[in-house]
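See below for the structure under consideration.
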Amino acid sequence: MSTVTGTLVQLKLSLLRNGLRQSAGRRAAYIASAVVTLLFAALQLLGLVLLRGNAHADAVVVLLVVVLALGWAVMPLFFPGGDETLDPTRLVMLPLRPRPLVRALLAASLVGIGPLFTVCLFAGSVIAVARGAAAYIVGVVAVGLALLVCVALARAVATANIRLLTSRKGRDLAVLSGLVIAVGAQVVNFGAQRLGSSGLGQLAPAADVLRWVPPASAIGAVDAVSEGSYGIAAAQLALSVVALVALLAMWAQHLTRLMTSPDGSTLQAAGDATVRDRPSTGLARLLPAGRTGTAMERSLRYVWRDPKTKAAWVTSLAIGLIVPVFNALQGTGSIYFACFAAGMLGIQMYNQFGQDTSAFWMVAMTISSTRDAYVELRARALALLVITLPYAALVTVLTTAMLGDWARLPEVLGLSFALLGAMLATGAWTSARFPYSIPQEGYKNVAPGQAGLAWIAIFGGMVAAALLCAPVIAVTIWINTSAGGDAWSRLLLPVGTAYGAAIAYLGLRLAAPRTAERLPEILTAVSKG
């Protein structure tokens, strides 16, 4: 092992060790996550071993390797702070040549729970398809080759995008992790149900293509040797070797460019430093004049620019669509699942002042009466409705079209709008009564010591919203159970809309005096992060 390689491996071990020494909580979290990960890996390994002898084992392991490689490729984009050694810009001032540095970073990347987890799954894949001594010998080579391809892929992607990932806008990529996890969970659930009903045989067409895609081609070579197709096995191993060499070359090229090219901190600002007056945006021209329009624009800009607020909205939008649509695709859904969209977006009304963090003092300076507090809360509710109303209607229409139950569209829309109004009402009140801070750094959404407030605000408010919707829910049940109720179903749309608007107005009116009275307490609570 060269000096550079040994130094970087020791550096990786030191980073892990020193990170565990920072606090008992961090050490406990790391150990717990390691135990859970290794336990899951052991269960997966056992499942793959039990798959041995199945006629479709080769298709399963090929697709598993492809999914693992995809995970290695995208994780650095979503969690760039998860591994300090992923950022090569920390090494640009050292007298290191790119190619020795690539070898050293590749060796350091093999240290950690992720590579161990991957090796367990690759080893299980080999056991599932290998038959004969030659297949196991090739399997040892295939496991190492597939692991190196995955690691090199992750490093090449991270290095190519490191300027983006370390910028403020680039860190916004992390908000997509919630979307990917939500979509991925539903896709896995949908796929598992389809496989349970149709069997593993339907994986074969996709596996026949993907077994020629590195690193799956390395594991595919083991199956080819088991079948006696040594020429095919050699070609598949060669593909993985070529992919590894290409990834290492691409990694070295990006690393050279990164370590020799100037960035924004070393370039002089172009042009003069005069500040130009920018015209009003199209959004501002569409909003009402006065305080209402200003507060609405501020709230909508938070949704677009603030990473934590954007993350919450992206996740709510995704789950609000995924739950009804995927249930409809599976044939087990109900049109009433469309109300999930209004419910998920209505949660965004809770803790309205927490998203401002310490900047809330500028808003608090402009609130001197109950009227000011009411206008502020109303503007925030209207900003939420700009997105929520058309989105809830779109999800409801889409779900209705997939299920073909057009007769129930008016009542489901009415129920969704009533639920949304109730959540606006309870969200305004809990924002004033149970405010809490949202830390700007890290992945936590609640400041330490305020978790109880968050639980009370969100879940207590959701229960209250459900109780407020009880009259509309009761009317919906009567319409669907009564013999002559169908004639009244179309009235649920205007009734539910009017009821939701009235409840929202009443909730804002009741929350306004509470907000005006508790401004100092609210400011203290939301500034703790």
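Predicted model, so just to flag it, every value in this text is computed and none were measured. Both backbone and side-chain heavy atoms feed into the values below; hydrogens, waters and symmetry mates do not. Residue numbers count from 1 along this sequence.
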Is the shortest side-chain heavy-atom distance between [X] and [Y] below 4.5 Å?
X: Ile522; Y: Pro435; result: yes
X: Leu385; Y: Leu424; result: yes
X: Leu415; Y: Ile473; result: yes
X: Trp72; Y: Val151; result: yes
X: Ile503; Y: Tyr499; result: yes
X: Thr366; Y: Asp372; result: no

Check: Leu384 main-chain N/O paired with Ser299 side-chain donor or acceptor under 3.5 Å |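 Not confirmed, Ser299 side chain does not pair with Leu384 backbone.
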Are any side-chain N or O atoms of Thr370 and backbone N or O atoms of Pro513, one a donor and one an acceptor, separated by less than 3.5 Å?
->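 Between the backbone of Pro513 and the side chain of Thr370 there is no qualifying donor-acceptor contact (under 3.5 Å).
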In Å, rounded to the nearest 0.5 Å, how long is the span from [atom1] of [X] to [atom2] of [Y]?
X: Ile113; Y: Thr118; atom1: CD1; atom2: OG1; result: 11.5 Å
X: Thr159; Y: His254; atom1: OG1; atom2: NE2; result: 8.0 Å
X: Met344; Y: Met423; atom1: CE; atom2: CE; result: 9.0 Å
X: Leu493; Y: Glu411; atom1: CG; atom2: CD; result: 10.5 Å
X: Arg380; Y: Gln355; atom1: CZ; atom2: CD; result: 6.0 Å
X: Thr515; Y: Glu517; atom1: OG1; atom2: CD; result: 9.0 Å

Is a side-chain donor-acceptor pair under 3.5 Å present for Thr309 with Trp304?
->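 Short answer, no.
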Do Arg298 and Tyr302 have side-chain atoms, one donor and one acceptor, less than 3.5 Å apart?
->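 No - no donor-acceptor pair under 3.5 Å links their side chains.
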Salt-bridge criterion met for Arg514 and Glu521 (N-O under 4.0 Å) =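 Looking at Glu521 together with Arg514, the answer is no, because their closest N to O distance does not fall below 4.0 Å.
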Ile458 and Tyr436: CA distance, side-chain angles, deciding distance, side chain to side chain contact (heavy atoms under 4.5 Å, CB included) verdict | CA-CA 11 Å; Ile458 296 176; Tyr436 57 90; 3.6 Å; yes
Is the Phe360 ring parallel, tilted or perpendicular to the Phe353 ring (thresholds 30°, 60°)?
->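 Answer is tilted, since the angle falls between 30° and 60°.
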Should Leu382 and Leu287 be marked as a side chain to side chain contact (heavy atoms under 4.5 Å, CB included) after you check the CA-CA gap, both sets of side-chain angles, and the distance that decides it?
-> CA-CA 10 Å; Leu382 289 174; Leu287 298 177; over 6 Å; no
Taking only residues two or more places apart in sequence, or in another chain, which ones meet Arg371 in a salt bridge (charged side-chain N to carboxylate O under 4.0 Å, His left out)?
->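 Testing Arg371 for salt bridge (charged side-chain N to carboxylate O under 4.0 Å, His left out), a comparison that skips the adjacent residues, returns none.
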Kindly indicate, with the supporting measurements, whether the criterion side chain to side chain contact (heavy atoms under 4.5 Å, CB included) is fulfilled by Asp356 and Trp361.
-> CA-CA 9 Å; Asp356 296 1; Trp361 73 268; over 6 Å; no
Side chain to side chain contact (heavy atoms under 4.5 Å, CB included) between Leu409 and Thr396, intermediate numbers included | CA-CA 7 Å; Leu409 177 61; Thr396 304; 3.6 Å; yes
For Trp406, look at atom CH2 and say whether over 12 heavy atoms of other residues, nucleotides or ligands are found less than 6.0 Å away.
->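 For Trp406, atom CH2 is crowded (more than 12 foreign heavy atoms under 6.0 Å).
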With sequence neighbours left out, what residues match Tyr350 under ring-ring contact (aromatic ring centres under 6.0 Å, His included)?
->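 Scan of Tyr350 (ring-ring contact (aromatic ring centres under 6.0 Å, His included), adjacent residues dropped) gives none.
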Can you spot which of Val323, Ile322, Leu321 makes a side-chain contact (heavy atoms from CB on, under 4.5 Å) with Val325?
->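 Among Val323, Ile322, Leu321, the one meeting side-chain contact (heavy atoms from CB on, under 4.5 Å) with Val325 is Leu321.
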